[in-house]
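Single-structure report; data block below.
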There are 2 protein chains.
Amino acid sequence: MAAERKGGVTISQVAKEAGVARSSVSRAYTRPDMLSPETVERIKAAAGKLGYVPNHTARALSTGRYGNLALIVPDVANPFFPPMIRAAQVEADRSDFCVFLGNSDEDPEKEDQLLGRFSGQVEGIILASPRLSDERIAAHALLRPLVLINRDVKGIPKVLIDSGTGIAEATQHLADFGHRNIVYVSGPSTSWSNKQRRAAVRRASKKLGLELSFVSASVPSFEAGLQAVDAILAKGATAAIAFDDVTAQGILAGLGERGVSVPGEFSVVGCDDALGPLTVPSLTTVSSRSIEAGKLAVSLLLEVLESQAVRDASYVLETHLIIRSTTGKAP
Amino acid sequence: MAAERKGGVTISQVAKEAGVARSSVSRAYTRPDMLSPETVERIKAAAGKLGYVPNHTARALSTGRYGNLALIVPDVANPFFPPMIRAAQVEADRSDFCVFLGNSDEDPEKEDQLLGRFSGQVEGIILASPRLSDERIAAHALLRPLVLINRDVKGIPKVLIDSGTGIAEATQHLADFGHRNIVYVSGPSTSWSNKQRRAAVRRASKKLGLELSFVSASVPSFEAGLQAVDAILAKGATAAIAFDDVTAQGILAGLGERGVSVPGEFSVVGCDDALGPLTVPSLTTVSSRSIEAGKLAVSLLLEVLESQAVRDASYVLETHLIIRSTTGKAP
DNA sequence: CTATGCTGTGCAACCGGTTGCATGTCAACC
DNA sequence: GGTTGACATGCAACCGGTTGCACAGCATAG
């Protein structure tokens, strides 16, 4: 009968069963062309009989090829990330890689820690929207192939979602509707995306001659958006561009509480298209392309692993405005 | 200067630097009490100087303790899962475990494959809402500790979210509002949760003397909800209980398109509280406790690992109705 | 002053594979 | 018919840790 012990069947047991050396069993799996077809068959038969499954870990130790990669995100539960995670997953799977997922909870320390924990058992790491300092990121990149998403550190390959283009379109869109005074509700100060969006809205406003002010929602959350509403209204603006969709949604709720109709009296634009058309009224937002970013980051990482060269590649994904129902003519 | 070679610093290098045997370095980390305090300190100093990080994989090979666990879900992007994933992550982290994440894409085959791929490098696996057959699940459970979420297979430890209690409350809530004819919009047929919810709404309706009919939305998605609206209205019902929040959201959108006001003319109840209060109007729903489920599943798994005994434990989490703004008096 | 026991450290085998090199066999070639 | 070389396989070292056991040194007990 087939062995069923918890410990698992080893290469030695198969070797004995098939009457060959351990190395031959190994080769039957890794380089069958080196062995005669009959031997391979005999080994496979013995392996099948015993229920042998190669030990991933042991193999990783001697080859240094782990067949694993890690993906670290600040918050799994933020709707921006799940589609990205999923895409990365699928892409990794296509090349037989397993994915470790890390959640840093928006905490740089935690991120650092996770990086250390994973680094011993993966071939490469993808850091999405890291909150870590450039120096620490660079340090980790020395130890192990690293690909960044939405962060620009010199010399490290990256995938950037350029929300600047979409934000510019959004600003134009609001100007077209006659808005003259708008607010940008900013996100985490350590976020590269936030800096980029903030700069884009500033640039576009200047060009279009709009009056622009800032309100800060330090974390991207529904509550933060809700709480920002009074400050937004105090600015005398007629439209707001929010750091992300979740914040925008909070703003919508807050406006609703205060009886301000959207888009009749006030227009709102989100960013990242994380909620899709799921909301009522549906949110005008900037596309995020997070799915492509996830997929691209993985294939870029695999490419780096294969070529050994640390190519300083950057992929930039442009974004566009998605017009739905929360924007309209200025009152 | 600190070594910077890609390969990483090994225990031997540290041993040489500190002038001790490899075993002492190992013990400095695993059983410092066996060494004199000065020696430990000297080793740690040398390790720090060289930038030594213990190799997780090598350790796993010799101890058989991988320090990894896998979590497999049908769809990372379904908002029900991210909070659960996050909670599992955090709980695993507390015990220094790393988490592999698998996405089965709602495909039983894929699930089976992932299970196989992971099983060589983890100590245990958590299967959330599996679509796999009972037999295959049982087979995998023989090889390696397994904990289920929202699936009931005899002899395997599990965490069940009992949405029955919440659904019963929802039905009662609708009856209290004078609804006499309601619809249950069902989810995936292979889903244990769907079976359970369907049974609960049937039981409660019978007890309360409500007229109940069924509409099927085979996958839980916004579109499926949207498309179910005509069928729902055709039943002559005044309220619907949906398999989950995403479906409910689709139903809301569909009703909006047809000019049916909510909750004035029609009431809608979701399930899983996956969207929180993020929507407008905010959705009356059944709490999901997915966060607790994720956390519990991990601690249960760790317990099983520790005790070696395959306890046939079940944790059942009761749910409750969360009343928001999509339910009201029957027209 | 020798027997006993404890503490701190080193030696070497082991975890389960991979891989460079050596060896043996046999056919083709000169 | 001896040499050459290709091919199939085995040996043994190695990946980077862990751990049982041996042993040296020293203090305490008899």
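Convention: sequence-line order gives letters A, B, ...; per-chain numbering from 1.
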What is the distance, to the nearest angstrom, from the [atom1] atom on [X] to the [atom2] atom on [N]?
X	N	atom1	atom2	answer
Glu41(B)	dT9(C)	CD	P	13 Å
Tyr66(B)	dG17(C)	OH	C1'	11 Å
Arg22(B)	dC14(C)	CZ	P	14 Å
Met34(A)	dA6(D)	CE	C1'	12 Å
Leu61(A)	dT18(D)	CG	P	12 Å
Ile43(B)	dG17(D)	CD1	P	13 Å
Asn55(B)	dG17(D)	CG	P	5 Å
Arg31(A)	dC7(D)	CZ	C1'	14 Å

Worksheet item: Counting side-chain heavy atoms from C-beta on, which of dG17(D), dT19(D), dT18(C) comes nearest to Ile11(A)?
Response: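 Nearest to the side chain of Ile11(A) among the choices is dT18(C).
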Fill in: Residue Tyr52(A), side-chain heavy atoms: nucleotide from dC15(D), dT9(D), dG17(C) that is nearest
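Given the options dC15(D), dT9(D), dG17(C), the side chain of Tyr52(A) is closest to dG17(C).
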Discussion item. Minimum heavy-atom separation for Leu301(A) and Gly124(A), please, with both atom names.
Written reply: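 Leu301(A) and Gly124(A) have their closest heavy atoms at CD2-C, 3.7 Å.
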Practice prompt. List the atom of Glu91(A), the atom of Ser299(A), and the distance in Å for their closest heavy-atom pair.
Written response: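 Answer, listing the atom of Glu91(A) first, then Ser299(A): OE2-CB, 3.8 Å.
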Under 4.0 angstrom, heavy atoms only, what part of the nucleic acid is [X] near: base, sugar-phosphate, or nothing?
X	value
Ser24(A)	sugar-phosphate
Ser23(A)	base
Thr30(B)	sugar-phosphate
Ser26(A)	base
Val20(A)	sugar-phosphate
Thr39(B)	sugar-phosphate

Worksheet entry | Side-chain-base donor-acceptor pair under 3.5 Å for Arg27(B) and dG8(C) |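 Answer no: no donor N or O sits under 3.5 Å from an acceptor.
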Discussion item. What I'd like to find out is whether the side chain of His140(A) reaches to under 4.5 Å of the side chain of Asp112(A), using heavy atoms alone.
Written reply: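 They are in side-chain contact.
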Worksheet item: Among Asn150(B), Leu148(B), Asp75(B), Thr190(B), which residue meets the side chain to side chain contact (heavy atoms under 4.5 Å, CB included) test with Ser129(B)?
Response: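 That would be Asn150(B); it is the only one of Asn150(B), Leu148(B), Asp75(B), Thr190(B) passing the side chain to side chain contact (heavy atoms under 4.5 Å, CB included) with Ser129(B).
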Worksheet item: Aromatic ring centroids of Tyr52(A) and Tyr29(A) under 6.0 Å?
Response: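 Yes, the ring centres sit under 6.0 Å apart.
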Discussion item. Quick check on DNA chain C: between Ser62(B) and Ser36(B), whose nearest nucleotide comes earlier from the 5' end?
Written reply: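 Its nucleotide being nearer the 5' end, the pick is Ser36(B).
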